[in-house]
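The block underneath contains the structure these notes are about, expressed in structure tokens.
As a basis for the values below, the full set of heavy atoms in this structure was taken, side chains included, without hydrogen atoms, waters or symmetry mates. The sequence lines fix the lettering, A, B, ..., with proteins before strands; numbering per chain opens at 1.
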Number of protein chains: 2
Amino acid sequence: MPAMRPEPAYQILRQRLREEIAAGTYPDGVRLPTESELVAEYGLSRQTVRRAFQDLVAEGAVYRVPGRGTYARDNAYLRQLGSIEDLMSLSEDTTMEVLQGLSRRVDVAAASRLRLDHDVVYTVVFRRLHDRRAGAQRPGETDGVPFVVTTVHLPEPVARLVGDAPELTTGAVSTNTVIGLLEPHLNQPIAQAAQSITVAPADGVAAGAVGCDQGHPMLRVDRLYSDTAAAPVELAVSYFLPEQYTYRVTLRRSG
Amino acid sequence: MPAMRPEPAYQILRQRLREEIAAGTYPDGVRLPTESELVAEYGLSRQTVRRAFQDLVAEGAVYRVPGRGTYARDNAYLRQLGSIEDLMSLSEDTTMEVLQGLSRRVDVAAASRLRLDHDVVYTVVFRRLHDRRAGAQRPGETDGVPFVVTTVHLPEPVARLVGDAPELTTGAVSTNTVIGLLEPHLNQPIAQAAQSITVAPADGVAAGAVGCDQGHPMLRVDRLYSDTAAAPVELAVSYFLPEQYTYRVTLRRSG
DNA sequence: CGTTATTTGTGCGTATGTATT
DNA sequence: AAATACATACGCACAAATAAC
């Protein structure tokens, strides 16, 4: 087992400030501690304090004004865009059908994107279907139109939390999301999902799952979910049928 | 006129590296220059070089491996577009080349999406190119790699505000965004941009503009900008070359 | 009005640790 | 084992923006 390295000082400070902000310690127009105050309080160098602030600015938690100070971003209104809640609510009117139950894999690419220091990940493959009006459904046949196939990769400790969930075994049908299944078990809540969206041809698995030709142009969405400590929790790679699905986001002005 | 402040050294370096990456100077497994090499080449301190790399990591352009080096992110040119500010800052490192100057059109579909009660809109078509290093550039020839073609539709009152802007006449080359040109003239600032992202085949215009085959699968992004009064201001329909471009957004938890 | 103190922004130098080759 | 390359952390100096006097 690799020796547990202590967290860097700037990350500890960042986390601490984040918690204070979340606790409402710095409402509306209240200035956060200045750099020099934090230097004095924690015995750190100014550069270290600055690094913590820099990260908080990057994640949108605070903004800084030269000569004036640092302020928490008003959390009340949606800051940037369609939120993570939107992703979770996907389950409301779609059905998830597991093609390949959660199992241990060796996958260098996925492991490195999850920032693991080894090659083992836990993987589950499923497709999602638009719900149809019940009624025209024959017994033993899953109802609905498949529009996306997703491969989810989890680090081992995370996978252990849902290892016995019946929703993630081959053939299971439910109206969940993986992240929705995970969240209640996590110590740190999910805070971020970084997405990359591009076009990619359907491979054999994707084509079979959604019923299109192999090589058909698909909307590929990669999502990396991270918790409040910025630790990767889940990597999801989805192939959407563009004929059945359009990705929508609304950006809002930050300041 | 305010005195022009020079850009910080780390931003200049960041921009330069970004351009080199876009120009394909560091394909697949090729390591970027090390910190010490850049220190020597540009006469900067290591901290300054690190700051540039830190920003490139944050925007997803490169990743770094301790003990090994810094590498450009795979094929595509990544750009974080998680806020309206990000959309506007597209102009920082890309060039806009007008193919079809701003002119009056009858377009029922565009007019209805702009919530107009008639069919007249004002339309401008342009493509955008990754900036490249100057030098290998012949006179009269635009330098760079085209990666997107955009059709912008404006309501008549909005079009009037920029009707005489030389940046929107056929053949004009600049480093603006349409929304950036518009904003200073608007009574209400832009507050929202609703986006739909899907896959669509390149039509004749798009194929010619970015140099791909007609029918080539493209990433299609429709954006509807609205002001604080929720009035539509601009409709932009873009076709991105997926080989040159990946759309990135980061979702955050609302509260 | 300018002056001064405060606060953040930029930039440099150095030292030490850790991962990779 | 040694060299290379990135990560963390400390220190200092000066510039620019802001606010209070």
Side-chain angles (χ1 to χ4, degrees), chain A residues 1-17 21 26 29-58 60-73 108 111-112 114-119 229-232 255, chain B residues 1-17 21 26 29-58 60-73:
Chain A
M1 191 175 115
M4 178 66 159
R5 253 200 337 284
E7 277 214 354
Y10 71 85
Q11 294 233 21
I12 296 174
L13 175 57
R14 172 193 183 192
Q15 178 61 22
R16 164 127 194 195
L17 290 170
I21 291 168
Y26 312 106
V30 176
R31 209 196 56 206
L32 269 74
T34 68
E35 293 178 357
S36 18
E37 283 166 356
L38 290 170
V39 165
E41 184 176 353
Y42 293 99
L44 300 171
S45 83
R46 189 177 162 216
Q47 293 314 312
T48 304
V49 172
R50 277 188 66 73
R51 174 63 194 270
F53 271 133
Q54 214 172 298
D55 289 356
L56 288 172
V57 169
V62 305
Y63 64 93
R64 318 194 76 193
V65 185
R68 195 132 59 88
T70 305
Y71 301 86
R73 193 74 81 163
V108 184
S112 98
L114 284 166
R115 302 220 309 264
L116 304 178
D117 53 2
H118 51 79
D119 299 340
Chain B
M1 189 174 122
M4 175 68 157
R5 244 194 358 272
E7 278 215 354
Y10 69 87
Q11 294 232 22
I12 295 174
L13 176 57
R14 171 194 183 189
Q15 176 61 20
R16 164 128 194 197
L17 290 170
I21 291 167
Y26 313 106
V30 177
R31 208 195 57 209
L32 269 75
T34 67
E35 294 178 358
S36 16
E37 283 165 357
L38 291 170
V39 165
E41 184 176 353
Y42 293 99
L44 300 169
S45 84
R46 184 164 166 231
Q47 293 313 312
T48 304
V49 173
R50 277 188 67 72
R51 174 63 194 271
F53 271 133
Q54 208 174 299
D55 289 356
L56 289 172
V57 169
V62 305
Y63 63 94
R64 317 193 76 192
V65 185
R68 193 133 59 87
T70 305
Y71 301 87
R73 196 67 80 170

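What separates CG of B:L38 from C1' of C:dG11 is a distance of 16 Å, to the nearest Å. The distance from atom CD of B:Q54 to atom C1' of D:dA9 is 13 Å, rounded to the nearest whole Å. Taking atom CD on B:E35 and atom P on D:dA7, their separation rounds to 7 Å, with Å as the unit. As rounded to whole Å, 11 Å separates atom C1' of D:dC6 from atom OH of B:Y71. What separates CZ of B:R31 from C1' of D:dT4 is a distance of 9 Å, to the nearest Å. One interatomic measurement links the two molecules: CZ of B:R64 to C1' of C:dT20, which rounds to 14 Å at whole-angstrom precision. Between A:L56 atom CG and C:dT8 atom P the separation is 13 Å, expressed in whole Å. Note: CG (A:L13) to C1' (D:dT8) measures 14 Å, nearest angstrom.
For the pair B:A72 and B:Y63, the tightest heavy-atom approach, listed with the atom from each and the gap, is O-CE2, 3.9 Å.
A sub-4.0 Å separation between OP1 or OP2 of D:dT8 and a side-chain N or O of A:T48 is absent. For B:R46 and D:dC6, the shortest distance from a side-chain N or O to OP1 or OP2 is not below 4.0 Å. Distances shorter than 4.0 Å separate none of the side-chain N or O atoms of B:R50 from OP1 or OP2 on D:dC6. Distances shorter than 4.0 Å separate none of the side-chain N or O atoms of A:Y10 from OP1 or OP2 on D:dA9. Look at A:T70 and you won't find any side-chain N or O under 4.0 angstrom from OP1 or OP2 of C:dT7. For A:R68 and C:dT6, the shortest distance from a side-chain N or O to OP1 or OP2 is not below 4.0 Å.
Residue order along DNA chain D, read from the 5' end via each residue's closest nucleotide, puts A:A9 first among A:V65 and A:A9.
Taking CG of A:L13 as the start and OG1 of A:T48 as the end, the distance is 9.0 Å to the nearest 0.5 Å.
Under a 3.5 Å cut-off, the side chain of A:Q11 and the backbone N or O of A:P8 do not form any donor-acceptor pair.
Residue B:F53 is out of contact with every strand shown, counting any heavy-atom pair closer than 4.0 Å. Residue contacts shown for B:R51 are limited to sugar-phosphate atoms, with no base heavy atom under 4.0 Å away.
Below the 3.5 angstrom threshold, one finds no donor paired with an acceptor across the side chain of A:E37 and the base of C:dT6.
Look at D:dA1: it lacks any Watson-Crick or wobble partner with both distances under 3.5 angstrom.
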